[in-house]
Amino acid sequence: MDNIELYAIGILFLFTLWFIVNTVKYYHGEKRKIKNLHRFAKEGEVKAQQNLAKHYQKGNMVKKNCEKAAFWYQKAAFSGDSEAKGHLQNFLEKHKQKNKC
């Protein structure tokens, strides 16, 4: 009976260790994606600018920042992309109504 408890504790420990390692890997991978989004957005890629703006608007893997979200939506919209113009318009309307992102 004692051996079963030791095995259960061992398995639980290994699972916890595996979970922590994979969570850290996921976090670093997401941070790498954000870094790449910044690079591509600065180079003028419209989809990267839109995605980066969404990340800033929602606070996904970056600190929520309405000004940066508006900046990247505006950059994408000025590139002539109609989808980006719609995102910018929706963002500005929400911001006016609630004074939030």
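Side chains included, hydrogens not; waters and symmetry mates left out as well; all remaining heavy atoms used.
- Every residue two or more places apart in sequence or in another chain that forms a side chain to side chain contact (heavy atoms under 4.5 Å, CB included) with Ala70 is listed here: Phe91.
- Residue pairs meeting the ring-ring contact (aromatic ring centres under 6.0 Å, His included) criterion with at least one member in residues 26-55, sequence neighbours excluded: His38-Tyr56.
- Distance CD/Gln57 to NZ/Lys64: 7.5 Å, rounded to 0.5 Å.
- In the hydrophobic clustering of this structure, Tyr73 does not group with Phe78; members are Ile, Leu, Val, Met, Phe, Trp, Tyr whose side-chain heavy atoms approach within less than 4.5 Å, directly or through other members.
- A chain of hydrophobic side-chain contacts below 4.5 Å, direct or via other Ile, Leu, Val, Met, Phe, Trp or Tyr residues, connects Phe71 to Leu37.
- Within 6.0 Å of the NZ atom in Lys68, the count of heavy atoms belonging to other residues, nucleotides or ligands does not exceed 12.
- The ring pair (Phe, Tyr, Trp, His ring centres under 6.0 Å) check on Phe19 picks up nothing, with sequence neighbours excluded.
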List the atom pairs, donor and acceptor, that lie under 3.5 Å between side-chain atoms in residues 79-90 and the rest of the protein, sequence neighbours left out.
| residue | atom | partner | partner atom | Å |
| --- | --- | --- | --- | --- |
| Ser79 | OG | Lys75 | O | 3.1 |
| Asp81 | OD2 | Gln50 | NE2 | 2.6 |
| Asp81 | OD2 | Ala84 | N | 3.0 |
| Glu83 | OE1 | Lys47 | NZ | 2.9 |
| Asn90 | ND2 | Gly86 | O | 3.4 |

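- Val62 and Ile34 make their closest contact through CG1-CG2, 3.6 Å (heavy atoms, listed as atom of the first residue, atom of the second, distance).
- Here Lys25 pairs with Val21, Asn22 under the side chain to side chain contact (heavy atoms under 4.5 Å, CB included) rule; sequence neighbours left out.
- For residues 31-44, the pairs satisfying salt bridge (Lys or Arg N to Asp or Glu O under 4.0 Å) are Glu30-Lys33, with sequence neighbours left out.
- Closest of all the heavy-atom pairs between Trp72 and Gln49 is CB-O, 3.5 Å.
- In this structure, the separation between CD on Glu45 and CG on Asn51 is 9.0 Å, given to the nearest 0.5 Å.
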